[in-house]
Amino acid sequence: MRYNEKELQALSRQPAEMAAELGMRGPKKGSVAKRRLVKLVVNFLFYFRPDEAEPLGALLLERCRVAQEEPGGFSISFVEDLSRKYHFECCSQEQCQEWMEALRRARNEIRKMTGKDPLEQFGISEEARFQLNSLPRDEQTCTGSQLGVLD
Amino acid sequence: MIQGTNTGRAAMKLNERSLAFYATCDAPVDNAGFLHKRGGRGAGSHRRWFVLRGNMLFYFESEASREPLGVILLEGCTVELVDAREEFAFAVRFAGGRSRSYVLAADSQAALEGWVKALSRASFHYLRLVVRELEQQLAAMREGSPANTLSANPNPISNPRPKENGRAVWSALPEQPTAAPKRPPLPPRRRASAPNRPLASFAQLHEHYGREVRALRSQWRGGQAGLAGLEVWHRSSSGGTHTQDQP
């Protein structure tokens, strides 16, 4: 499947919801746990060799299942084959719990659950959305008062 | 896994099988339809079946295909209308010199508008940034009670970060602490409903928070009217009046 790898790599450099060095073991039988820098950005889990800037890989977290494994460890698998698990080792059960909660939140289900456009919920008109898109990402500037809805 | 030819480094791994399942699963899509997609490097244009789910835009050879040909990750993209040889054309673009643009064309004006609207809000990361910014503005506005607004500070709502959108926000979130939270707040849907209130409809929440915002504003305005003695301040920050109207 073709995908825009550059943008995925760029995403891996964005501020992360969670980032930590964890033990990680792939789903293949006989795979060995390795230290990886694991970084959660929106609905992707990136993993890096601890000393490298470019990610080794990414997991799209949609339709994933997160489960507690041994104490301090959790796994991620996907609905189409739950037996294929990516295992992660944390330094404590507390850290493990934090990660599991963060991963569950990362699934992009806002629209599915509420059936609503999230931006409409917050009173952002369609005109404003197009204006937002014209703003440079790394330098948000004020577009002026748009309190028409209150007047 | 494909070896990268330029860097000698292996391409990034991605759980493509899961991606393909996600592309074709039963869950409702955010948008779907035929679009003409220009091939890379001016290779002509193909009609593909596009499916938008969250921040991923999948494209298939046909509507019945079981696996996508490819996917465009939409995080960080901008969407704009383009003046192209095709009618009803728009482009999905990314920052960064070497990034490619995707020029797509719909079959009708209505389809064009539907796609541009859906794709403009597909960026999850950006959405969260906007939500957090608005939450902070709301919290700051609540902090800006009448006692605080009569200070010499021309902008009683001290929010050092620039605002992305002047609109007020209404959410089902409980009141935010003014200290920066240790971790980013949860997406709104996951939170408990607003205090002392069962999960209300948007219209009710809109009305509830709108009243609160209007009350705060008129209190602030009333306070400002009483600042006749501070005329110099008022004149020197004439632009300040306008900006202070923003939540």
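Residue numbers begin at 1 in each chain, while the letters A, B, ... track the order of the sequences.
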Region of B/A20 that comes under 4.5 Å of a non-hydrogen atom in chain A |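 Both backbone and side chain of B/A20 come within 4.5 Å of chain A.
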Verdict with reasoning, A/E62 to B/M56, per side chain to side chain contact (heavy atoms under 4.5 Å, CB included) = CA-CA 11 Å; A/E62 298 298 332; B/M56 311 287 281; 6.0 Å; no
When you measure from the side chain of B/N15 to the backbone N and O of A/L60, does any donor-acceptor pair fall under 3.5 Å?
-> yes
Taking everything shown except [X] itself, do over 12 heavy atoms lie less than 6.0 Å from its [atom1]?
X      : atom1 : value
B/Q109 : CD    : yes
A/Q9   : CD    : yes
A/K6   : NZ    : yes
A/D51  : CG    : yes
B/E61  : CD    : no

Give, for atom CG of A/L8 and atom CD1 of B/I72, the distance between the pair rounded to the nearest 0.5 Å.
->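 Answer rounded to 0.5 Å: 13.5 Å.
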For [X] versus [Y], what's the shortest heavy-atom pair and its separation?
X     : Y     : result
A/Y3  : B/M12 : OH-O, 3.0 Å
B/L73 : A/L11 : CD2-CD2, 3.9 Å
B/C25 : A/R63 : CB-NH1, 3.3 Å
B/E16 : A/M1  : OE1-N, 3.2 Å

Give the C-alpha distance, both sets of side-chain angles, the deciding distance and a yes or no for side chain to side chain contact (heavy atoms under 4.5 Å, CB included) between A/D81 and B/R17.
-> CA-CA 10 Å; A/D81 188 355; B/R17 203 157 147 266; 4.3 Å; yes
